[in-house]
2 protein chains.
Amino acid sequence: MYQQVARVRHDEGMSKQPKYRQVADALRREIDNGTYAPGARLPSESELSARFDASRNTVRSGLNLLVTEGLISSSQGLGYEVRSHEVFVLNASRFENLDLPQNGDAYSTDVTAAGRRPHQTFRVELTTAPEYVAERLKVEAGDTAVLRFCHRFVDDVPWSTQATHYPEWLVTKGPRLTEPGDIAEGTTRYLASLGIEQIGYFDEIATRMPTPEEARLLEIGAGVPVLLWTRTGFSDERPIRCTITTFRGDLNRMNYEIGELSARSENEPQ
Amino acid sequence: MYQQVARVRHDEGMSKQPKYRQVADALRREIDNGTYAPGARLPSESELSARFDASRNTVRSGLNLLVTEGLISSSQGLGYEVRSHEVFVLNASRFENLDLPQNGDAYSTDVTAAGRRPHQTFRVELTTAPEYVAERLKVEAGDTAVLRFCHRFVDDVPWSTQATHYPEWLVTKGPRLTEPGDIAEGTTRYLASLGIEQIGYFDEIATRMPTPEEARLLEIGAGVPVLLWTRTGFSDERPIRCTITTFRGDLNRMNYEIGELSARSENEPQ
DNA sequence: TTGCTCAACTTGTTGGTACAAGCTGATGCA
DNA sequence: TGCATCAGCTTGTACCAACAAGTTGAGCAA
């Protein structure tokens, strides 16, 4: 029916690579060198099938590799599109600066400063602390806590989700724990209203592939990892909040400044 | 030959999900709840094919989803194995502490302290600075630079690669730029020998899917993202080195401490 | 016992087919 | 003109078949 042997013979070391990888490599090269620019559509499967002299299944395997790598995305009826990725940089050591508390929401400020349009939805609820959060807040897993969940967009593109847990002892300090509006304005402001000062953060950064739920919220297909940022905030006595932010990995980068940066470092590399 | 219609009819809203997703979801659930523990082998494709009453191709599509999510890996002749992921935590704000320069290689120290066995290979060469690095070192792209490339293992598992670029002006300060051995011992020590002190860092963190080359070096299959850590070190005058570390995303996590952490925070959540 | 071969498993690759389902523009009716 | 329909494109899902190639263990030969 088909014979692989004869073909491999004359391939002369240039590629023992299987055909579907050759397809992926060729297309990846063309995406890299700009033959297919971000936003552009790739030729259809049947066209590629003809070009590479491969079956539709084989071409699909190759395209699937590129989807997995996050280079392209597909939609039924439309075709394959080259993904664009303008990254948004978050300076985590300056963010919510300890000395200069932001007047308002730090996220909105940052996005607006970058000339882009922020948009976010809130949800505040009473819940129990999951184990991961409880460890960090130094409470028992299952203890009640207040969760402030936040879904953020930049120019109407889903950007990140943020879940902040406050321990029970903290929210009962305030007179109005049943009013979600208090927390909605932002963590720093809320804590200030309770007379609590954050004096330090413990940040943890990890990456992994999104869960199906995350993929849905952030509208990312297979092949785009998420960047997980867990920030535990401390008062002079104990942890006062734990914020887990889930970023689209292809659209975000984080920065930290440590120690002194020389004078000329003001204009950081973009 | 086969008819999808009849089956969908009686599925009763419980799942409009395509069959290959049902396979993936079922297996994912069983991996999560421990039916298949890390390191365990999944049933073979043909067994799963019988269990789910699906063709081998359909089962493969489902398994491929889990590979993409990084939950399992496959090897020809062996089968599918549930991946284990013990994460290794790197405290980036304490790492190469500015006040207390490490006596020796910081990586080896950290890994040994965690009760695991470090192993690394070096390569030092004279090269030109790629654009990304040149921007950070404030030199022209294409300028000569010294590259120290480092391939690191923990318990013989590939862990990370590290590429440190030093600008030309710096290496010519030392009398012996042709001796690769000097840099091999580590950045901090090398800089000290040149009488240069690092007073600050600029760290950038990003994530993405690995390039084929990275996947080869780190021995990660599709579905495992990499964590990119770029550290630019500064003297009191200017950037003196740029280190790009590529971690396996499934095995590493980074920490930063900012400001003051309360007394009880010494025992950080693992 | 040792060591080799080989059968019988495993996944990997590639081809084929058929139909479902989403999108778009042309066509034609009101 | 306006709108509904539909043909013809696209990708998505599902099946089948065949052979390549890696791994393992049984079993035979030295």
Side-chain angles (χ1 to χ4, degrees), chain A residues 1-9 11 15-25 27 36 40-68 71-83 215 221-223, chain B residues 1-9 11 15-25 27 36 40-68 71-83 212 215 219 221-223:
Chain A
M1 187 169 291
Y2 79 100
Q3 66 286 42
Q4 178 71 0
V5 186
R7 197 181 305 107
V8 166
R9 243 1 50 206
D11 258 350
S15 73
K16 305 174 294 277
Q17 289 273 312
K19 199 185 270 189
Y20 78 102
R21 282 193 181 277
Q22 296 178 28
V23 172
D25 290 344
L27 292 176
Y36 299 111
R41 249 194 61 194
L42 291 187
S44 73
E45 290 176 353
S46 55
E47 286 177 280
L48 293 172
S49 178
R51 169 179 161 192
F52 289 106
D53 187 30
S55 76
R56 187 180 159 222
N57 275 345
T58 302
V59 168
R60 278 178 66 83
S61 294
L63 288 167
N64 191 52
L65 263 191
L66 300 184
V67 171
T68 291
L71 264 72
I72 62 177
S73 63
S74 69
S75 30
Q76 196 169 347
L78 279 176
Y80 290 83
E81 183 174 318
V82 180
R83 298 185 70 116
Chain B
M1 186 169 289
Y2 79 99
Q3 65 288 39
Q4 178 71 1
V5 186
R7 197 179 305 107
V8 165
R9 241 3 50 205
D11 258 350
S15 74
K16 306 172 294 277
Q17 288 275 312
K19 197 185 271 191
Y20 78 101
R21 282 193 181 277
Q22 296 180 27
V23 172
D25 291 343
L27 292 175
Y36 300 110
R41 248 193 64 195
L42 290 188
S44 73
E45 290 176 353
S46 55
E47 287 178 280
L48 293 173
S49 178
R51 169 179 163 193
F52 290 105
D53 186 29
S55 75
R56 188 181 156 221
N57 275 345
T58 302
V59 168
R60 279 178 65 82
S61 293
L63 288 167
N64 191 53
L65 263 191
L66 299 184
V67 171
T68 291
L71 263 72
I72 62 177
S73 64
S74 69
S75 29
Q76 196 167 348
L78 280 176
Y80 290 82
E81 183 174 318
V82 180
R83 298 186 70 118
E219 287 179 21

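Below, chains carry the letters A, B, ... as their sequence lines are ordered, and counting in each starts from 1. Heavy atoms only: backbone and side chains are in, while hydrogens, waters and symmetry mates are out.
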*asked:* With rounding to the nearest 0.5 angstrom, report the OG to CG distance, Ser73(A) to Leu42(A).
replied: 9.5 Å
*Please state whether the phosphate of dT14(C), meaning OP1 or OP2, lies under 4.0 angstrom from any side-chain nitrogen or oxygen of Thr58(A).*
no
*Within a strict 4.5 Å, meaning less than it, do heavy atoms of the Leu27(B) and Leu48(B) side chains meet?*
yes
Would you tabulate the pairs of protein nitrogen or oxygen atoms and nucleotide nitrogen or oxygen atoms of nucleotides 8-11 of chain D closer than 3.5 angstrom?
residue: dT10(D); atom: OP1; partner: Ser44(A); partner atom: OG; Å: 2.9
residue: dT10(D); atom: O2; partner: Gly77(A); partner atom: N; Å: 3.4
residue: dT11(D); atom: OP1; partner: Glu45(A); partner atom: N; Å: 3.3
residue: dT11(D); atom: OP2; partner: Glu45(A); partner atom: N; Å: 3.1

*Can you check the Tyr20(A) OH to dG16(C) C1' distance for me, whole Å?*
19 Å
_Rounded distance [0.5 Å steps], NZ in Lys19(A) versus CZ in Phe52(A)_ = 10.5 Å
*Could you tell me the separation between the CD atom of Glu81(B) and the P atom of dT23(D), rounded to a whole number of Å?*
13 Å
*For the pair made of CG in Asn64(B) and P in dG12(D), what is the distance, rounded to whole Å?*
14 Å
*Atom CG of Leu66(B) to atom C1' of dT11(C): distance rounded to whole Å?*
16 Å
*Steps toward side-chain contact (heavy atoms from CB on, under 4.5 Å) verdict (Arg21(A), Leu65(A))*: CA-CA 8 Å; Arg21(A) 282 193 181 277; Leu65(A) 263 191; 3.8 Å; yes
*Spacing between Gln17(A) atom CD and dA20(D) atom C1', to the nearest angstrom*: 16 Å
*Atom NZ of Lys19(B) and atom P of dC19(C): how far apart are they, to the nearest Å?*
17 Å
*Let me see the working for Thr58(A) and Ser55(A) under side chain to side chain donor-acceptor pair (under 3.5 Å), right down to the final yes or no.*
CA-CA 5 Å; Thr58(A) 302; Ser55(A) 76; 3.1 Å; yes
*State plainly whether the residues Arg56(A) and Glu45(A) are in salt-bridge range, i.e. N to O under 4.0 Å.*
yes
